Structures are given as structure tokens and as C-alpha cells.
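Notes follow once the structure below has been shown.
These numbers were taken from a predicted model, which means no experiment stands behind them. Lettering of chains follows the sequences in order, A, B, ..., and the numbering in each one begins at 1.
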Amino acid sequence: MMFRQRIAGLVQEALPEEAIRHIDIGTIIEIPADPKLGDYAFPAFSLARVLKKAPQRIAQEVADSITPPPWVERMEVVGGYLNFFIEKSFMVREVLQRIQDEGEAYGSSQTGQGRTVVIDFSSPNIAKPVAVGLIRTTVLGHSLYRIFAHQGYHVERVNHLGDWGTQCGKWIVAYELWGDEERLKADPIKELFQLYVRFHQEAETQPELDDRAREAFRRLEQGDPELLALWRRFRELSIKEFERVYARLGIEFDSYAGEAFYEDKMPRVLEILTEKGLLKDSEGAAIVELEDLPPCLIKKSDGSTLYATRDLAAALYRWEHYRPSLVLYVVGAPQQLHFKQVFAVLRLMGMDWVDRYEHIAFGTIRLGDEAMSTRRGNVVFLEDLLDEATGRARAIIDERNPGLADKDEVAEMVGIGAVLFYFLMFNRMKDISFDWAAALNYEGDSGPYVQYTYARAGSVLRRADAEVLPVAELNTGALTEPEELALVKELARFGSVVASAEAGREPSAIARYLLELCRVFNGFYHAHRIVGSDVMAERLALLDATRTVIRNGLYLLGIRAPEEM
RNA sequence: GCGCGCGUAGCUCAGUGGAUAGAGCAUCUGACUUCGGAUCAGAGGGCCAGGGGUUCAAAUCCUCUCGCGCGCACCA
């Protein structure tokens with residue numbers, strides 16, 4: 001980012017007014033795929049029409065009118081490109097200096113200064129076991145939290161628990177019919193899960209069970225004390241379970257205000273809707289009609305509320321309580337219509353701030369051919385996956401590094417890291433076929449590959465048994481090998497990667513970057529000796545800077561970086 | 001039927017307007033008697049689903065078609 005902007009500045013000054021109006025110089029500067037062509041390039045093609053000149057001529061004229069500053073080694077016009085070669089020792093010094101100075105803040109910007117972003121993520125339904133299907137919203141939301149916080153935002157992490165609604169009626173009915181106090185005491189989560197699955201199995205042949213569930217929820221919503229007590233108990237058991245898994249993943253929340261929290265805030269929503277004349281009766285239910293979208297159902301014909309009603313109340317509350325610049329709902333793609341409807345209703349209500357609300361959708365995790373479904377019992381428990389992952393990491397450690405201290409701790413870091421990385425490395429809209437072999441792959445494109453690179457670099461540092469010197473004391477001009485320069489350029493790019501991850505709400509950009517960075521570092525590592533070389537001090541500084549960037553990148557994904565593994 | 005999303009190497013995926021389309025896995029061939037082989041170097045493998053269009057330039061934008069997934073009223 002640092003050089004890109006300076007190059008943009010040079011080009012901008014060299015261009016006539018009319019050209020500048022037509023292009024965004026800041027974004028047009030690119031990095032050539034082949035470093036032999038240059039370090040940065042200005043493509044002049046898009047200006048050919050505006051200036052009515054051939055691109056090569058424009059590039060040449062820009063080149064002629066630029067007096068290259070000392071840090072530009074030379075410029076070259078190739079085709080319609082003006083290619084810039086940065087003076088190498090300057091580039092190395094700038095990048096290493098900046099990483100040394102900024103440390104864990106390297107790669108951040110302050111775009112979020114003074115702004116609040118609310119991120120609604122994870123949001124499991126209570127009385128349901130934590131299945132692998134929950135992991136995507138959980139790790140995406142957590143990574144987005146880290147990214148936005150890194151960019152200076154104040155972030156509120158909200159776990160919008162699914163602790164209200166007809167589903168609550170379902171397990172109340174299931175418990176009344178088949179529940180067993182002893183089993184519930186012995187293993188609450190297992191008992192709740194079995195009740196849940198049994199309800200859905202039996203409801204397929206006895207649809208009247210669904211009616212009973214709706215009736216039970218209606219009574220719960222009206223405050224039936226017995227049902228409320230049962231509800232509270234199930235809720236607490238569930239949260240205890242969730243928190244154990246979150247702790248393993250290193251995730252925390254600022255609020256557990258779930259759907260039940262909005263129970264007493266819905267009448268106001270209904271009032272506003274009525275006041276504005278938006279509420280219509282349809283087959284006994286209350287709806288809001290929308291343009292270009294199916295109507296939004298606000299109240300069931302039995303008078304009880306729905307998902308959308310509670311989301312409207314939540315949206316209102318979040319605006320009034322947090323005054324956010326941005327609200328992100330990290331919820332699966334199947335709910336796109338729901339959010340479109342809720343946002344459209346808010347717009348009709350005159351809530352212009354709804355423009356700040358975004359649904360961050362993501363693809364489905366499928367198991368074999370089917371989408372995972374807790375209802376059908378077709379499910380992999382998240383904890384089983386985490387156990388499998390750490391167990392496997394432990395086995396590899398026992399085999400390759402039996403002398404390691406804290407083996408269990410490191411196995412947890414690596415195993416969890418592998419799982420987190422796997423679920424963050426794909427574009428969020430892609431469906432993921434869950435497959436044990438792929439999720440537990442620790443070679444090639446994987447979290448452990450990145451962690452391994454980090455640990456090995458750390459091991460070199462220990463082996464060298466020398467302090468990493470401040471850049472001012474180094475001869476940065478001594479780093480001239482192509483592998484060294486490629487690594488420096490890769491490190492320089494980190495800030496723009498973080499910025500694009502923020503802009504696209506796409507942590508995978510960071511995961512992809514880390515894989516590339518490690519590949520470039522490993523290429524350097526294998527090509528050149530570090531300890532004992534005559535440029536050892538410079539190479540150690542380069543290695544240390546790489547470690548900083550890997551650590552920062554992993555942090556933004558919510559993954560820990562082990563010193564040894 | 002309507003809406004949203006996806007379609008790139010055998011498989012899993014990057015690349016979303018620029019220079020010769022890239023990785024990982026799998027397959028094959030190799031690697032320093034000194035820094036960790038969870039690594040690295042190399043090989044083979046592509047009508048970027050298909051047609052039409054816009055542009056100096058298209059995997060990328062528009063349009064149509066095909067295939068797959070998801071959603072479309074009292075679940076969340």
C-alpha cells in the first residue's frame with residue numbers, strides 16, 4: 001500500500017486535469033505478475049479515449065514529465081504500461097522499518113476510528129447440540145470482529161440466541177411426552193438432542209404434534225410460570241454448553257441478547273406498523289405487503305409472533321442502543337429473503353438507518369450429498385470434529401517432534417487452527433462439502449502449513465542466537481536476491497489485503513494471502529542460508545518481519561501462532 | 001413458475017476489466033553429509049458450462065440458454 005500510493009501520486013501529477021477526473025489513480029496502479037516487468041505499473045489504456053491518444057504515447061508522456069525521485073530506480077514503457085522499478089534498498093528499508101515500528105498494528109488502518117459496528121453471529125438455537133453447521137457463522141463473525149477492531153472500529157459482538165419461538169414449544173412438548181428427569185440430570189445435552197430428534201421424527205407421521213408445539217409456545221409467550229421455568233432451565237443448560245465450545249475456539253461475546261430478549265419490545269414494533277397503516281390482515285395473520293418481494297409475516301393467526309417480528313424489534317433496539325455505523329448479520333444464505341423482507345419493512349417504517357444494516361450471507365455446509373440437518377439427526381457434532389482435529393495434531397507431534405514441551409496445548413492450537421482455517425479459506429458464498437479428510441488435512445493449503453512456517457522461522461531465530469537488529473543498523477542494500485525481494489514485496493501488500501477483507505467482509509482474503517506469503521517465505525528459506533551467512537543480520541530482520549505478518553494475519557482469522565510444533 | 005447463489009485442471013479452490021489463467025490435493029521426477037521434510041524445486045494436466053453482445057482489452061461486465069444448490073406465509 002505504501003508504494004502504490006506514492007506511485008499514484010507521481011502519476012497523478014504528471015497527468016492533465018481532464019484525465020484525473022476520469023480515473024481513480026489510487027486503485028488503478030497494479031503489481032505486475034512478472035517482477036521482471038517492474039514493481040508497480042500504471043496501465044494507460046483506460047485514458048486512451050479520454051485523451052484521444054494511443055496508450056503507449058500516454059505512458060511515454062507521463063514517463064517524460066515525471067522527475068523520478070531517488071527511490072524510483074527507473075521507469076519503462078512497455079506496450080500501454082508505464083512500469084516502475086523501486087530502488088531496492090529503499091524498498092527493503094521502508095517495509096522492514098514499518099513492520100518493526102508498527103508490530104502487531106502492522107496492516108491496520110484507522111478507517112473505523114470513532115465508529116461502532118455491531119456483528120450478529122453464531123446465534124445458535126438453544127436445546128440443540130452444537131453441530132458442525134454452526135461453525136461457519138461462528139468463525140466468520142469472529143474473524144470479522146477481529147478485522148474491524150483492527151481497523152479501529154468499536155465492535156459489539158452479539159450472540160442472537162434462538163431462544164424463543166415455536167421451537168421452544170417443540171421441546172416442551174417433547175419433554176412432557178418422553179422426557180426423563182434422571183437422564184436430563186446425567187447428560188442434559190444428549191437428552192435434549194434426543195428429544196429434539198424424536199420430536200421431528202414423530203411429527204412426520206403425527207402432524208398434530210406441531211399444533212401442540214405451537215400451542216405450548218403460545219402459552220409460554222403468555223407467561224405460563226411452569227413452562228417459563230422449564231424454558232429457563234433449558235436455556236441455561238444450553239448456554240453452558242455453547243460457552244465451553246466457544247472457549248475452545250477462543251471466542252467471546254459482548255451480549256447474549258437473543259430472541260427472548262425482544263419479547264417485550266415487539267408491541268412497539270406492532271404499534272409503529274399499525275400507526276403507519278402498514279399492517280394488513282391476510283387469512284387471519286398480520287402481514288406487511290412489500291414491493292417486488294413476498295409479504296412479510298408479522299403475526300400468526302393465533303396471535304403469536306414470528307422470527308421477523310423479533311428481528312424488527314432487534315433492529316430497532318440495536319439502532320437506539322448502539323447508534324452503529326454498521327450492523328452485520330452473519331447468517332446463512334438461505335435466509336437472504338428473510339433479511340430482504342425485514343430491511344424492506346424497516347424502510348417502509350421510515351427507518352432510513354437501515355442502509356447501514358447488511359446481511360453477510362454464506363454458503364451451506366453439506367455432509368455427503370445432503371445439507372446437514374440437526375432435525376434429522378444427520379449431523380456431525382462440532383466437538384467431535386475439534387477432538388478429532390486435536391487428536392490428529394497430537395499424533396503428528398508424537399511422531400515428528402516427540403521432545404516437544406506442552407504437547408497437548410500445541411495440539412489444541414494446531415488442531416483448532418486447522419479447523420478454523422479450513423472454514424475460513426473459501427469465499428464465503430461457496431457451499432462447502434464437509435469431508436473429514438479435507439478438514440483434517442495438515443499439508444499444503446492449510447492452517448498447520450501457515451503455523452508450521454511460523455514455528456520454523458522462530459526456530460531459525462533461536463538457532464541464530466542473535467538479536468534482531470533495528471533497521472537503521474542494517475545494510476538493507478545487501479538483500480538483493482530475487483527470493484528476498486519477492487518476500488519484501490509480499491510483506492508490503494498486507495495492508496491492502498486487510499483493507500479488501502474489510503471491504504468485502506471476506507476473511508478468506510487474509511487466509512489466501514497467508515498461504516501465498518508462506519509459499520514465498522519457504523521459497524526464500526530453501527534457496528538461501530540464513531544462519532552464518534554474510535548477510536545474516538539482514539535476513540534475520542526479514543524473517544522476523546515475516547513472523548510478525550504471519551502472526552498478525554493468523555490473529556485476524558482467530559488462529560493462534562505456536563512458537564514450536 | 002418467480003427470486004437468490006454457484007459453475008475455472010481428475011478433485012478442492014484462487015483469480016471479478018489488464019501483460020503468458022494460478023495454487024493445494026492426487027500422479028510422476030527430484031532436493032542441501034550445516035537453519036525443522038507438516039518443507040522445497042520441477043513435469044504432466046484448461047474450448048474458464050455453452051451461445052451472443054459491450055470494450056483497445058472479458059474467466060471477470062451485459063444478455064440468453066443449460067446444469068446444480070437454496071429460498072418463496074403462520075419454523076428459525
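Sorted by first and then second residue, the side-chain hydrogen bond (donor to acceptor under 3.5 Å, both in side chains) pairs involving residues 434-447 of chain A (not counting sequence neighbours) are D445(A)-R519(A). The side-chain hydrogen bond (donor to acceptor under 3.5 Å, both in side chains) contacts involving residues 331-341 of chain A comprise Y307(A)-Q335(A), D311(A)-H338(A), where partners must be two or more places apart or lie in separate chains.
With sequence neighbours left out, D406(A) forms a side-chain hydrogen bond (donor to acceptor under 3.5 Å, both in side chains) with no residue at all. In this structure, the ring pair (Phe, Tyr, Trp, His ring centres under 6.0 Å) partners of Y329(A), at least two apart in sequence or on a different chain, are F339(A), F343(A). With sequence neighbours left out, H526(A) forms a side-chain contact (heavy atoms from CB on, under 4.5 Å) with R456(A).
The side chain of Y307(A) lies closest to rA76(B), out of rA14(B), rA76(B), rA19(B). Closest to the Y525(A) side chain, of the nucleotides rA14(B), rG37(B), rA19(B), is rG37(B). Closest to the side chain of P32(A), from the set rG36(B), rU20(B), rA19(B), is rA19(B). You'll find that the side chain of M565(A) is closest to rA38(B), out of rA38(B), rG5(B), rG37(B).
Between rA58(B) and rC40(B), the distance separating the two P atoms is 35 Å to the nearest Å. Here, rG7(B) and rG50(B) have their C1' atoms 11 Å apart, quoted to the whole Å. rC13(B) and rG37(B): their C1' atoms are spaced 25 Å apart (whole Å). The separation of rU20(B) from rA26(B), taken at their P atoms, amounts to 32 Å, rounded to a whole angstrom. rA59(B) and rU54(B) are spaced 16 Å apart, taking the P atom of each and rounding to whole Å. A distance of about 15 Å separates the P atoms of rC61(B) and rA14(B), rounded to the whole Å. For rU65(B) and rC25(B), the C1' atoms lie 34 Å apart once the distance is rounded to whole Å. On the C1' atoms, rG46(B) is 11 Å away from rG22(B), given to the nearest whole Å.
Residue L297(A) is in base contact, counting any heavy-atom pair closer than 4.0 Å across all strands shown. Using a 4.0 Å heavy-atom cutoff across all strands shown, R463(A) reaches sugar-phosphate atoms only and no base atom. At the heavy-atom level, A54(A) lies nowhere under 4.0 Å from the strands shown. Among the protein residues, T166(A) comes within range of the sugar-phosphate backbone only, with heavy atoms under 4.0 Å from sugar or phosphate atoms but none that close to a base. Residue I397(A) is in base contact, counting any heavy-atom pair closer than 4.0 Å across all strands shown. Across all strands shown, R462(A) has no heavy atoms under 4.0 Å from either base or sugar-phosphate atoms. Contact annotation for D311(A): no contact, since no heavy-atom pair falls under 4.0 Å across all strands. Contacts of S282(A) with the nucleic acid, taken as non-hydrogen atoms under 4.0 Å apart, include base atoms. Using a 4.0 Å heavy-atom criterion, one finds that G79(A) contacts no nucleic acid atom at all. Using a 4.0 Å heavy-atom distance criterion, L293(A) is classed as making no nucleic acid contact. Using a 4.0 Å heavy-atom distance criterion, D210(A) is classed as making no nucleic acid contact. Within the 4.0 angstrom heavy-atom criterion, no nucleotide atom of any strand lies near H160(A).
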Without placing hydrogens or testing angles, list every side-chain donor-acceptor pair under 3.5 Å for residues 410-423 of chain A, not counting sequence neighbours.
unit_1: E412(A); atom_1: OE1; unit_2: R248(A); atom_2: NH2; d: 3.4
unit_1: E412(A); atom_1: OE2; unit_2: R248(A); atom_2: NE; d: 2.8

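RNA chain B lies under 4.0 Å from at least one heavy atom of each of the following residues of residues 437-460 of chain A: Y442(A), E443(A), G444(A), D445(A), P448(A), Y449(A), Y452(A), A455(A), R456(A), S459(A), V460(A). Heavy-atom distances under 4.0 Å link RNA chain B to R512(A), R519(A), N522(A) of residues 508-523 of chain A, given in residue order. Heavy-atom distances under 4.0 Å link RNA chain B to P334(A), Q335(A), Q336(A), L337(A) of residues 329-337 of chain A, given in residue order.
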Run the side-chain hydrogen bond (donor to acceptor under 3.5 Å, both in side chains) test on Y513(A) and R493(A) for me, step by step, so that the C-alpha distance in whole Å, both residues' side-chain angles and the decisive distance to 0.1 Å come before the verdict. CA-CA 9 Å; Y513(A) 166 79; R493(A) 202 163 74 80; 5.9 Å; no
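In summary, the side chains of E506(A) and S500(A) do not present any donor paired with an acceptor at a separation below 3.5 Å, with no hydrogens or angles considered. Under the 3.5 Å distance criterion, with hydrogens and angles disregarded, a donor-acceptor pair is assigned to the side chains of T305(A) and R310(A). When only modelled atom types and interatomic distance are considered, N522(A) and Y452(A) share no side-chain donor-acceptor pair under 3.5 Å.
The neighbour count for E208(A) CD, taken as heavy atoms of other residues, nucleotides or ligands under 6.0 Å away, is above 12. Summarising the local packing, NZ of K299(A) is surrounded by 12 or fewer heavy atoms from other residues, nucleotides or ligands at distances under 6.0 Å.
Protein atom CG of D39(A) is 17 Å distant from nucleotide atom P of rA19(B), rounded to whole Å. One interatomic measurement links the two molecules: CZ of R428(A) to C1' of rC4(B), which rounds to 14 Å at whole-angstrom precision. Going from atom CD1 of I31(A) over to atom P of rG15(B) covers 16 Å, rounded to whole Å. Taking atom NZ of residue K430(A) and atom P of nucleotide rC70(B), one finds them 17 Å apart after rounding to whole Å. Atoms CD (Q341(A)) and P (rC75(B)) sit 15 Å apart, rounded to a whole Å. Between H338(A) atom NE2 and rG5(B) atom C1' there is a gap of 18 Å when expressed in whole angstrom units.
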Bracket string, RNA chain B, 5' to 3' - pairs by Watson-Crick or G-U geometry under 3.5 Å, | interstrand: ((((((((.[[[[.)..(...]]]].(((((.......))))).....[[[[[..)....]]]]])))))))....
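Nearest-nucleotide positions on RNA chain B for K340(A) and I287(A) put K340(A) closer to the 5' end.
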Every protein N/O within reach of nucleotides 27-33 of chain B N/O, cut-off under 3.5 Å:
none

Using nucleotides 53-56 of chain B, report all nitrogen or oxygen pairs with the protein that are shorter than 3.5 Å.
unit_1: rC56(B); atom_1: OP1; unit_2: R49(A); atom_2: NH2; d: 2.4

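Aromatic ring orientation, Y317(A) versus Y262(A): perpendicular (interplanar angle above 60°, classes split at 30° and 60°).
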